[in-house]
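For reference, the structure is listed below as structure tokens.
We name chains A, B, ... by the order of the sequence lines, and we start the count at 1 in each one.
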Amino acid sequence: MAAINLSKMNQEEVIQAVIDHGGAGITKCIQCNACASVCPVAKAGFPLFGRLLFRKLQTGHYEEIIEDASSWACQACNRCTEICPRDAKPFEIVFAFRRMQAGELAISTSAFTPLMSLHATGHAVYSETSQELREQVGLPPVPVTSIADEKAQKEIQTLLDNGPMGELGIF
Amino acid sequence: MEKCGIYLGCNIPFKAPDIEQSFNKVFPKLGVELVDLEGATCCPAWGTAPSFDIDTWLAISGRNINIAEEKDVDIMTGCNSCFGVMSEAKHMIDHDAAKRKKLNENLALIDRKFKGNSDVFHVSHVLYDRIGLEKIKESLKYTLKELKIAVQPGCHILWPTEVMEVKEKNSFFPTILKELCEVLEADVPHYSALNACCGMGAMRSTDQARSFGLFKTKLVNMKEEIDPDMIVTTCSSCYLQFDGAQKNLRESGEIDFEIPVFYYTQLLALCMGFDPKNVAAISATPRDQIIQKIQSEARLIKQEA
Amino acid sequence: MEFEPNIIGFACQWCTYAGADLAGNLRCKYPPSVKLIKVPCSGRVKPEYVLKAFAQGADGVLVGGCHFGDCHYKDGNYKTKNRMDMLKQMLEEFGFDPRRFRREWISGAEGKKFAEVITEFTEEIKELGPNNKLIEEVV
Amino acid sequence: MAKVGVYVCHCGSNIGGVVDVEAVRKHAETLPDVTISRQNLFMCSDPGQEIIRQDIRDGLVDKVVVAACTPRTHEPIFRKVLEGEGLNKFFFEMANIRDQDSWVHAHDHDGATAKAKKIVDSAVAKAKNLMPLEDKYVDVTQAALVIGGGVAGIFSALELANMGHKVYLVEKDPSIGGVMAQLDKTFPTNDCSACILTPVMVDAGTHPNIELLTYSEIESVEGYIGNFDVKIRKKQAYVDWKKCTGCGDCADACPVRTPNEYNAGLDNRSAAYIHFPQAVPKKAVIDMTSCINCGGRKIGSETRISKKTGKPILAPCERACPAGAIDRSKAVDPEGEILDVKIGTIVVATGYKVMEKDNFKSLAPDSPNVLTALQLERLISATGPTGGKFLRPSDGEKPKTISFLSCVGSRDEKHHTYCSRVCCMYMIKQAKLLKEKYADLNIYMHFMDVRTPGKDFDEYYTSAMDMGIRFVRGRVGGIDMLPGDKLKIMAYDADLAQNIEVESDLVVLATAIELQDNIKPLAQKLSLTLDGSGFFKELHPKLKPVETAVEGVFLAGCCQGPKDIPDTVAQAKGAAAAAAVPLAQKRVKIDPTISEIDREKCSGCGICEPLCPYGAITMVAVNGSHPRARIEMTQCKGCGVCTTACPSAAIELHGYSEAQIMAQITALTL
Amino acid sequence: MADKIKLGFLLLGGCAGCEMSVVDLSENLVDALEHVEIVFWAPTVADVKYDDLESMEDNAIDVAFIDGMIRLDEHIHMAKVMRKKAKVLIAYGVCSALGGTAGLGSLHDKKDLFEKAYKNTPTTDNPDDVYPQPECLVDGKYNLTLPVYQDKVRLLNQIVDVDYYIGGCPPHHSHVAAALNAIVTGQLPPKGSWITNGKAVCDVCDRNPVNKEGDNRAMLYRVLRTVDGVPEQDTCLLLQGYICFGPMTQGDCGASCLKVNTPCRGCGGPIPGVEDFGAQAISSIGSILKDESVTNQLREKYPNLSKFFYRYSLPSGILPKKM
């Protein structure tokens, strides 16, 4: 691979964007690799996890990695946050990057279904077949959650529509 | 009777309602009245609002917690993801005045106000910390003597410890679920990948093959090190992965064994003598045999006079 | 022009004053609102001085000492706490916004904390606005 | 009317680069009572000082204000200038426009300049109200106290003793030696720790000028430089040290087993014990917290006679002692005895401890095969629990693979943010010693980065690589416990860019160095402060590395910050030299910025008396009238707590008077 | 015999208790009258109109005593008139000098005070919300006026120059006698001073541990109010935990309150050199409370600290009223 000319990278801007999206720890990372050593994303073989993602961001990479789906494999297990010696809260940086990706709709198409379902029913996961299963074990076909509650659905729609997510045109 | 708001989430009521039913059976018997949280929504799942905008996340979590506040109860959830999402949200709201202000601006749109009176608990925390092992022991009808359990506490109940009301003594070597199983008189040996991730959730929807790969490592590790009679978890996501993905692996010929999987309250309900048709009826990995074994005559606990 | 609060800080020479010097060494940034009056110990600060500063128009007053157990003179800061906590209550009884008055323990090692406290204090006072009222009333 | 001269310093670009120095100078010129206002690139330089001297000589100024850096470092320099010109040196005031202005407001030039003007206003206001003060002198007691008998304390004591000063060397343990006595070998020369330390210990133990007080602790410290009154508690040993020959028979006879501190808890010792084989002094003690009083032989109980044998019933330790040094029927004070000593100067050398592994939850602390590096040091030492045989604790098997983890508790915001400085080197040392002995041993060293700043250090590190010791760059995130007492290291090899796992028989944690647990009370007794890292704070990080904020108290060794043995010895000798200065001068100056009572104003209410932290205030009857307060000059340290409390406004704190502070408040507000 | 010294007494916002202290001089007053004559004493003794004082020649009175604080415009007017008529003006008693107990009214606004006084006391029946008005037209032609109520309590020296101050509520008659003696013998201190021995109550208090052999001042380990039990006789009240302002109050009273087992509340005013009584009291008392728990006890027992510490001196403080 050809060498990267770091002086031409947009480091300040990318770092600021990460901070603005909730990843204030990005400047603290010293590449000790502790997060990577226990990260399920790394262990499962995804290419862009923890320390490597942070280094990319620290050096101003953004366009180059915007489409990478690794960050969406983050389980939010927070083991990294628990052990990070710099208290950089790696999980929060990963999610900040996710939010940057989401802001440009650089997300997999499979992510849209739960979002639309959340907007419509208040539940990210729902299937009609559940009614049968519930009756089978002696429960009423629908629970008392928002699924059967129009007012609750209105409320969740108000919250979603009035935030930045409403502007993405997903719903 | 102590009261607790039961927050169902999505997976439990729609994919594994027998877990929901096990809550309904187990908790009243242990002296906890479950209070419905009408109109509760998704927590919201990590892949939804938390991946887009923190304030929207806090608004939705804050709304769910607010439903409990209005009924003057704490929240109990059986899903680790819901627990993690809402605990972190609550921690942020409690410690960041600006975020809290924004939250209440958002909640004002739907005529709600976050007060901060209700705490977020996990089912296993309520069982372990508020009910206690002693009371569970008194409620049992069947013993699990000489049965070996591999426990799967799951991730979000362990980390970050900062946000939790009830904490493990050492979150990297958790013992709460182990103790909850041991009170059923089962054998719960340590295995090395105890705190490893199961691969469910965001990872599975992003890349199923890699998710299964991670899962298989863990499952095989369990099998090889301790060869358990069953796997017991207190996370509904882990439950679905262990139950469902195990089937996938078997069908694709990657493993040649099967280990029945229970959500802890299902197992507890069985030990209390409840009907498996209600509390342990839906699974991809068969468990009829082990259920029969558990509720057999030989395992009846003799009541002392 | 933007309102830049005038904060008078009474700082013990062993902890808070040293902490402020350390903030300089570390090049921590904070608003130029605070001017310190060096005293040997926060126990040297009379409540009267705080009142005087306010009466003469200071927008905020800070009394800074050592953490408990760190006092160079063993327990001067305990006296400070007793005196200043009562003073703060009294200020409130006088209908004076007690947020304009702070008692902080900042050690000589806490340069960063000094900068943080001043930044936050300055922001808070900016929100409260200038201490005009008292100038009119008293002087 | 005062003639105040204001001198504004650029401090190169430190101030001048941010603050408009000329504007500040001009502003000062407009202030009432200011006769001269000048600026210079470096006021503290010779030419800068000369400007002030000339103005004083010309009679232009009689009060001097320098607007520059902090008085905490530069006030003495300028006071000397005044003194040199025959002006009272307390007619000087500093305006801190660097540390508290230009350095912190570099982003706001106008704001910084405006603030500088106010700071100068305040300084001028105080200067106008300054009063002349005179230094006072007191004699220095010709004795030094060294607290801590590790390698730092031993060298400080020897150095002072060799200069001819009387030294009290106080050590809390039964023997001197400290942590160094627990080490096997020392880097980078691999010489045996005991071999180089033991002779020095003996020197200290036998030096005619050193009074060794082991098994002793500091009870209280009163007074001030040159005249400290120190109470030392000699803990109760329950063994008559005058008779004890250190034969160890009592230890052999004692049936109790309790964790052995010397072997870092890896084995047990008896309740009657000798600290370690090379102990100085080699004397036994009985640890009463673990003693079980065999035969009902509680201390001070009457000796019963056996009906069977007709002989007295004795505890095994008493019976075993050939010197008759243990007599349990003798009632002795469990609190030991208190010695009162008068001291001129004090060297604090209380050393450090390493963090326990229990602090590191992700690193399998419950496994017996996870050790701290200090435990490994004992495990491979010939005087250790295995007699130097390298066997893992869980089953006594010889390990095949061993992993070292660096920066455990160091460089970690959850524990200590500092680098412990010696871990990289001692880990390499331990690895090399093991590899030399057991060539087939697999050794993995997990580092964040290898830090080897020292003479011959980096060569030591690279030669370890030559020996086949494997270095992995990447902090270890967790350890899993495997069947068979093995441990699985979870790491990420930064250079390979790959997650790795290592199965090990033994894991060694290079845990951080930190101050001893119970040191805070001692710090309070000495009025010393701790720094942000939790170590004792030196007066200046570069120029006064052994001095403290308390005059006459000096620091040596790891209690001031982590350091290796060469640096410790160097600092110990430095502290000794500094502590010897007041002893050699034979008298010391008393700062006149202390409180004084105006007897005419005093109402004799007595409020001030219980407030003084140094007991400097007494109520004294004066001819006919009721008693009035009096402050003992040598005991007052000038905190001003009494000044503030005095309801009769009868107490003045020189240097921080009511008029001065009020003038400053007014200057900064109106 | 030389001309007698002409004295005047004027009561403003006060209770005339200070003037009772003059009467309390008893025989001493008779002796004094050999040297002094009282040419004006109103309104306590003589019924006079504004004109009676206004029409006197300037400087007709040698020494005037004004007692009471200043709350009405009438007070301001009369104080100014008296200043003109008197060669020497004495702020007599703590109200005039420091504001007195009535000065605590400055912690409330006029509306609060009026509502309390004219409507909300248990024995008041005022359904029509009638409050005092400065002007009132009666029968369409009689314009009646009342003195105008000011927004805060003022001290005499905030209206006119004051030559001397005498503290006390009321000043002890022995203090008055000493003051008269100083006037008669011409031994008055420099102008602007307090007429006082300059020492605290503790100095003259028999209970002061410092004044007793082998006893010592100590820190307070508890706080008591007199309702909590009867204090021990002879022992320092502070030592027992009863907060006493003896250490910070001028002791020209001879520690009278202490003699009847009552803690000093500070009516004598601060020791010369102390500007703000309440602030100094916080400082001194705050210093001798053993620890935070004792401070908390004090705050519990005296929920309103300003009214406690500034009982007699609030309008003289650096913060003289509610902001």
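Scanning all heavy atoms of the two residues, the minimum distance from A:S37 to D:G477 falls at OG-N, 2.9 Å. Of all heavy-atom pairs between A:N33 and D:A494, the closest is ND2-CB, 3.1 Å.
For D:K414, the NZ atom is densely surrounded, since the number of other residues' heavy atoms within 6.0 Å is greater than 12. Residue A:E13 qualifies as open at atom CD: its count of foreign heavy atoms under 6.0 Å is 12 or below. Residue D:K400 places its NZ atom among 12 or fewer non-hydrogen atoms of other residues, nucleotides or ligands, all under 6.0 Å distant. At most 12 non-hydrogen atoms from other residues, nucleotides or ligands lie less than 6.0 angstrom from CE of A:M116. Counting heavy-atom neighbours within 6.0 Å of D:E356 CD, excluding the residue itself, gives a total of 12 or less.
The NZ atom of A:K28 lies 3.5 Å from the CD atom of D:E413; values are rounded to the nearest 0.5 Å. Considering NZ of A:K43 and OH of D:Y492, their distance stands at 13.0 Å, rounded to 0.5 Å.
Both the backbone and the side chain of D:M490 come within contact range of chain A, judged by heavy atoms closer than 4.5 Å. In this structure, chain D has a heavy atom under 4.5 Å from the side chain of A:I30, while its backbone stays farther away.
By the side chain to side chain contact (heavy atoms under 4.5 Å, CB included) test, D:N14 pairs with C:R27, D:C11, D:R98, D:W103, sequence neighbours left out.
Residues of residues 79-89 of chain A lying under 4.5 angstrom from chain D, judged on non-hydrogen atoms, are A:R79, A:T81, A:E82, A:I83, A:C84, A:P85, A:R86, A:D87 in numerical order.
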